[in-house]
2 protein chains.
Amino acid sequence: MHSLTEENYLKAIYKLLEKGEKKISTTAIAALVETAPASVTDMLKKLAEKKLIRYEKYQGVTLSGSGKKVAVDIIRKHRLWEFFLVEKLGFSWDQVHDIAEQLEHIKSEALITRLDHFLGNPKADPHGDPIPDEHGVFHALNTIPLSAVTVNVPVIITGVIDHRPVFLRFLEKEGYALGKKILVKEKLEIDQSVTLLLSGSKKLKHISHDVARNILVLPEKTK
Amino acid sequence: MHSLTEENYLKAIYKLLEKGEKKISTTAIAALVETAPASVTDMLKKLAEKKLIRYEKYQGVTLSGSGKKVAVDIIRKHRLWEFFLVEKLGFSWDQVHDIAEQLEHIKSEALITRLDHFLGNPKADPHGDPIPDEHGVFHALNTIPLSAVTVNVPVIITGVIDHRPVFLRFLEKEGYALGKKILVKEKLEIDQSVTLLLSGSKKLKHISHDVARNILVLPEKTK
DNA sequence: ATAATTATTTAGATTTGCCTAAATAATATA
DNA sequence: TATATTATTTAGGCAAATCTAAATAATTAT
Ligand SMILES: [Mn+2]
Ligand SMILES: [Mn+2]
Ligand SMILES: [Mn+2]
Ligand SMILES: [Mn+2]
């Protein structure tokens with residue numbers, strides 16, 4: 001069995017690998033797990049010992065097969081719990097991450113199997129992030145940022161890139177939510193800002209490029 | 001904030017106080033938390049330092065007001081989670097204790113408030129143990145063991161004393177469950193064994209005194 | 001190609017919770 | 001009451017995860 005701390009390190013490494021690079025630095029991990037780089041080095045030695053990562057000093061780190069499995073399993077649990085918190089307990093999407101950070105470490109295969117079934121085997125969490133199945137397979141949608149959408153082609157909101165509560169609360173206040181329809185009316189050349197119609201409202205909305213690129217969408221009715 | 005370990009010690013002390021004695025011994029705690037007595041002594045000093053218990057060496061230990069509050073809160077969480085696991089996820093009553101031992105340490109007031117509401121503010125867990133409210137108040141029923149029931153007075157099963165999975169599985173297999181009606185037909189002088197009718201079955205059942213005293217009941221329709 | 005800067009690792013400590021063995025106090029027995 | 005037994009505490013250490021400061025390697029800039 002792995003400690004809660006080990007799980008968090010593996011998850012951090014996984015998230016860093018997910019965003020591009022093949023080799024992950026000590027400092028990047030330190031920032032994510034909020035510890036001193038020296039502490040990260042200690043843990044990397046331990047994880048390498050256990051064959052959960054591949055690590056050679058000064059050369060960065062990458063996940064082994066078993067390490068990746070642990071990381072994906074934690075992510076699965078995190079997202080299932082987030083879904084539960086929003087759909088069953090009525091939390092809003094900006095409140096669930098910290099609680100899920102705790103719940104993701106509960107150890108019981110049966111619990112997750114049953115929770116998954118109870119929730120109707122959801123495919124995405126409240127932020128649109130895909131929930132891997134019990135084999136660790138992701139069924140990710142082929143989303144694009146709202147900033148890249150063609151004018152006058154209707155799209156559906158399917159997720160966010162920025163997960164900060166302050167951003168999520170802003171979106172909620174403005175009426176944006178997963179499943180909502182958006183029709184982009186204009187993209188301003190000068191600053192890449194977007195003018196759009198949000199389903200349910202007749203008033204044009206205007207958002208910056210920076211907001212638009214943090215909203216993920218899909219063209220309406222993809223089969 | 002208190003560590004998971006501190007919480008478990010306080011819960012153990014609470015449970016020992018619950019069963020009678022006013023002063024709790026180091027060895028009794030050691031048995032419950034499954035550590036060496038020397039380790040318990042260490043922890044008792046720490047808990048006393050934090051004013052969570054009253055402790056003088058060789059004199060046993062008792063809970064302070066704040067220590068009791070922590071313990072009751074953990075018990076509330078444990079029992080709410082057990083209720084959730086049985087009622088929502090479909091676990092049987094012999095499977096939930098170990099998972100609840102983990103879930104009871106999740107720290108979020110909002111989570112428990114919402115979980116309690118989602119579950120319909122249950123008053124008892126799957127084993128009939130009362131769930132304290134948010135103020136730590138128990139609304140316990142005035143139950144008696146089945147072994148003490150008067151012949152031919154119908155009673156309802158409201159709980160168990162023995163919580164061991166093996167006992168719970170035996171009861172389940174035999175058809176006993178919370179809410180079921182029992183009519184005691186005979187109590188044998190010689191060994192205090194009980195002959196009874198269980199609602200839903202026409203066949204007389206015969207159980208030992210030892211089983212009977214571990215089943216808690218209430219006279220039918222108490223107002 | 002050197003020098004300066006930045007990243008990473010090592011060294012040495014600390015905290016929490018636990019252990020075994022030994023010392024001491026409390027209790028039971030003779 | 002004196003002695004044997006049992007309970008409890010103290011002493012000394014260990015493992016996990018962390019820290020700061022110092023040493024070393026890698027990278028970037030001159
Ligand atoms: Mn999250
Ligand atoms: Mn999420
Ligand atoms: Mn339980
Ligand atoms: Mn219970």
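In what follows, every heavy atom counts, from backbone to side chain, and hydrogens, waters and symmetry copies are set aside. Numbered from 1 within each chain, the chains take letters A, B, ... in sequence-line order.
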Trainee: Is the closest basic N to carboxylate O distance between A/Lys23 and A/Glu56 below 4.0 Å?
Mentor: no
Trainee: Among the candidates D/dT18, D/dT8, C/dC18, find the nucleotide nearest to the side-chain atoms of B/Thr41.
Mentor: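 The answer is D/dT8.
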Trainee: Below 4.0 angstrom, N of the basic side chain to O of the carboxylate: do A/Lys77 and A/Glu7 qualify?
Mentor: no
Trainee: Suppose we screen for side chain to side chain donor-acceptor pair (under 3.5 Å). Which residues come up paired with B/Asp73, at least two apart in sequence or across chains?
Mentor: none
Trainee: Specify the separation, in whole Å, of atom CG of A/Leu44 and atom P of C/dT9.
Mentor: 7 Å
Trainee: Using a 6.0 Å distance limit plus a 45 degree cone around the ring axis, check whether A/Lys88 lies over the aromatic ring of B/Phe84.
Mentor: no
Trainee: Would you list the pairs meeting ring pair (Phe, Tyr, Trp, His ring centres under 6.0 Å) in which at least one residue belongs to residues 41-62 of chain A, sequence neighbours left out?
Mentor: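 As it turns out, there is no ring pair (Phe, Tyr, Trp, His ring centres under 6.0 Å) pair with a partner in residues 41-62 of chain A once direct neighbours are skipped.
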Trainee: Between the protein and nucleotides 21-26 of chain D, which nitrogen or oxygen pairs come in under 3.5 angstrom?
Mentor:
{"residue": "D/dA25", "atom": "O4'", "partner": "A/Tyr58", "partner atom": "OH", "Å": "3.4"}

Trainee: What residues, two or more places apart in sequence or in another chain, satisfy side chain to side chain donor-acceptor pair (under 3.5 Å) together with B/Lys50?
Mentor: B/Glu6
Trainee: Measure the shortest side-chain to side-chain distance between B/Leu146 and B/Leu196 over non-hydrogen atoms and say whether it is less than 4.5 angstrom.
Mentor: yes
Trainee: Listed by chain and number, what are the side chain to side chain donor-acceptor pair (under 3.5 Å) partners of A/Asp129, not counting sequence neighbours?
Mentor: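 So A/Asp129 forms a side chain to side chain donor-acceptor pair (under 3.5 Å) with A/His163.
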Trainee: Quick one: is D/dT9 close enough that its OP1 or OP2 comes under 4.0 Å of any side-chain N or O from B/Tyr55?
Mentor: yes
Trainee: Roughly how many Å is it from CE in A/Met43 to C1' in D/dA15, rounded to a whole number?
Mentor: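 The distance from CE of A/Met43 to C1' of D/dA15 comes to 12 Å, rounded to the nearest Å.
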Trainee: Residues of residues 18-27 of chain B with any non-hydrogen atom less than 4.0 angstrom from an atom of DNA chain C: list those, numerically ordered, please.
Mentor: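 Hits under 4.0 Å, by residue number: none.
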